Number of protein chains: 2
Amino acid sequence: MKIDKNENTEKSIVDIAKALGVSAATVSRALNDNPRISEATRKRVKEKAIELGYRHNSMASSLRNKKSKIIGLIVPRISMYFHAVFITALQNRLQNEGYSLMVCQSNDSVAVEQKLANTLYSSRVDALVVSLALYTENYAHFDGFINRGIPLIFYDRVPTKDYPAHIIQGDDYRGGVIAGNHLIEMGCSKIAYISGPLSCSIYRERTEGLKHVLKKAKVTLAKKWCFYQELTAENAWNSLRQIFAGDEVPEAIFASNDTTAVAAVEFAREQGIKIPQELKIIGYSNDPRASIISPPITTIDQHPDEMAHRVAYKLLHLLKDKNAREHAETNRKEIVPVTMVRRMTT
Amino acid sequence: MKIDKNENTEKSIVDIAKALGVSAATVSRALNDNPRISEATRKRVKEKAIELGYRHNSMASSLRNKKSKIIGLIVPRISMYFHAVFITALQNRLQNEGYSLMVCQSNDSVAVEQKLANTLYSSRVDALVVSLALYTENYAHFDGFINRGIPLIFYDRVPTKDYPAHIIQGDDYRGGVIAGNHLIEMGCSKIAYISGPLSCSIYRERTEGLKHVLKKAKVTLAKKWCFYQELTAENAWNSLRQIFAGDEVPEAIFASNDTTAVAAVEFAREQGIKIPQELKIIGYSNDPRASIISPPITTIDQHPDEMAHRVAYKLLHLLKDKNAREHAETNRKEIVPVTMVRRMTT
DNA sequence: TATTCATTGGTTGTCGTTACATCTAATTTA
DNA sequence: TAAATTAGATGTAACGACAACCAATGAATA
């Protein structure tokens, strides 16, 4: 390949204009396919642009247009299957519309989340999409977006208090209901529950859904079998050991993510507990690991694709219609259905 | 929370300057902690900035400085465990230095990769980090970066032909050697090999490493048991069916990723083939799934953290030293060691 | 023939920040 | 005491693209 160090100087539309004896405005219009430019001129301009090695300067363009064409995204961790799928789907849609996605990870740290929000705010992203960190209970770091009318959409892990942003969440309440009902139908009345912290919308709602159906079925959830904590494998093992340390032992475990469900299966295997005969397990998220382990785990699918689809739709709508932003007092919340994927642990 | 729609107008440093009766230049310096500004003025400026709801305009700043403070990243898929870990590690390091990472996915499509490279080129990223798509054999879409002296680093899946960019790759040749030796030591002489396409550096080198040790051990790799294809679960199943359709059957399978290794374990389970007694399996990447399946799979760890560390180091070096870019004819290639994680499939 | 108007293009000014070159007053040095 | 230095602040000119407004041409219409 050829290296052309002479071309190293950046050319601007002014250089093209000079070379062609036209004005910079004409060049700008030609490159942007403005209809006010004749086909002939457009062609001349574009050819000269290539010849000179011109490249569009989006900094200048952004400054002038007051639009960065960048959407900020804050997720807890991209390594979570749900979010990885979501990101991919969202990115594909936005790319078609000429937007880039700035993907950031909070690592489930409130402090990092705050810092990222500020950075993205200063970076002048055209919109922000957020799935909150585990313990975020104050949303002041997003106020700037609200005040400036910059589209702000929360998805999956959304604010638990009233906050004037758009919200697209999974039907976590229903997820709790489905899981609870399923276990009841399987004849379980002694259920252990390993959940994420209740500061987080998704776990709070799943818990409510679960408790609702258990109450209806007159099944009580023993306090000693309930855990609300970060859902790591390590925490799961600790809780499982605690659960199975006593004389009485549960018939089922509802784990609020699949990492925990996987840990439960491994724990049972280690302890020689038969699944599903002696212990039923249901997870959440439909992570690929849930289907690979033996026995494969019954879990709740959150349909990240569908969620991304809805977020993208709403986002592009808000981005286009300045009005939509002002008058969106109603209809700010959408719920995406969940479905159970039944496998061999129940 | 309070919504202050009056504050909606964007303030610039000029507004701060006016409000304070100083010049815009002074405000700029004060906000950037330039030492040529008195402590008193600096404080006054910063307070007024907060009072007016000022936010830094990085578009204007970028235009002026000719630096976007954004690093482009192109990966095949963020859902691949190796890349997810790599991204997270890289991002954490760059964030500390004030850089943002623009993460893009090629979805293993050459066309998408080309489009992304062009977009990132026009977006004026300060540097580009790339892991190539499966079938990328031409690198012209990165020439712009080379010509302009913009730092360009390939990692993991790197160009197979000579290309004047920086390269940080895993020791895939050694990975092939290790896997091959391990299987030979286990007494296997009939080995099936499911690899990615040889257009891709990593698979090419693993293949060479494997062939080298097999030759040394006088073990031949049967053509009918060699596959070079996209490493999806579906392709894996097809190949496995083909492999086990004949009379003769292999003693071991070397799968060049863990998706394939997982498929092999599942296939063996379905066919009632005993692992590792009748069939040994070794994978590649140390994906979490490899440790969760039963039996857990022996695999090669590529140390994505370490690779990210090296990429970040080189990147920041190139970004700082303009000279480093010019005189980097030598030392453009680094190799990151791999290690085998032995589990129950061998 | 006079008037309209569509087509094509040019002129000017602006976006917000910051580097460079100055400038002023106070302080230090010879 | 005069000259030199310096701390602190200022003014101005880009950076590159593009929107808003304006101007010239020629064809179509009245």
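Bear in mind the structure is a predicted one, so any value in this text is a computation, not a measurement. Reminder, nothing fancy here: chain letters follow the sequence lines and each chain counts from 1. Keep in mind that the numbers below use all heavy atoms, side chains included, and drop hydrogens, waters and symmetry copies.
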Between C/dG10 (P) and A/L20 (CG): distance, integer Å: 10 Å

Distance test, side-chain N/O of B/S62 to OP1/OP2 of C/dT17, below 4.0 Å: no

Presence of salt bridge, B/E10 and B/R55, under 4.0 angstrom: yes

First encountered from the 5' end of DNA chain C, between B/R36 and B/Y54: B/Y54

Sugar-phosphate, base or nothing in reach of A/T41, heavy atoms under 4.0 Å: sugar-phosphate

Distance, rounded to the nearest Å, where A/K67 contributes NZ and C/dG16 contributes C1': 18 Å

Salt bridge (Lys or Arg N to Asp or Glu O under 4.0 Å) partners of B/K46, counting only residues at least two apart: B/D33

Test side-chain contact (heavy atoms from CB on, under 4.5 Å) applied to B/S61 - qualifying residues, sequence neighbours left out: B/H56, B/N65

Set of residues satisfying side-chain hydrogen bond (donor to acceptor under 3.5 Å, both in side chains) with respect to B/D108, sequence neighbours excluded: B/R77, B/R157

Under the side-chain hydrogen bond (donor to acceptor under 3.5 Å, both in side chains) test, residues paired with A/K48 that sit two or more places apart: A/E51

Length of the line joining B/K66:NZ and D/dA14:P, which is rounded to integer Å: 13 Å

Residues that B/V125 engages under side-chain contact (heavy atoms from CB on, under 4.5 Å), provided they are two or more places apart: B/I70, B/L120, B/F145

Distance, rounded to the nearest Å, where A/R124 contributes CZ and C/dG16 contributes P: 8 Å

N/O (side chain, B/S12) to phosphate O (OP1/OP2, C/dC15) under 4.0 Å: no

Short side-chain N/O contact to D/dA19 OP1/OP2 from A/N65, under 4.0 Å: yes

Given D/dA17, D/dA9, C/dT17, the nucleotide with the shortest approach to the side chain of A/H56: D/dA17

Nearest-Å distance for atom pair CG/P, residues B/L63 and C/dT17: 12 Å

Given DNA chain D, 5'-ward residue of the pair B/V27 and A/N32, judged by closest heavy atom: B/V27

B/I13 side-chain proximity, nearest of C/dT17, D/dA9, D/dG16: C/dT17

N/O (side chain, A/S61) to phosphate O (OP1/OP2, D/dC18) under 4.0 Å: yes

All N/O pairs under 3.5 Å across the protein-nucleotides 11-13 of chain C interface:
unit_1	atom_1	unit_2	atom_2	d
C/dG13	N2	A/R64	NH1	2.5

Atom pair distance, as rounded to whole Å: NZ in A/K11 and C1' in D/dA17: 17 Å

Nucleotide D/dA17, atom C1' - distance to CD of A/E10 in whole Å: 14 Å

Distance, rounded to the nearest Å, where B/N57 contributes CG and C/dT14 contributes P: 17 Å

Short side-chain donor-acceptor distance under 3.5 Å, A/S106 and A/S109: no

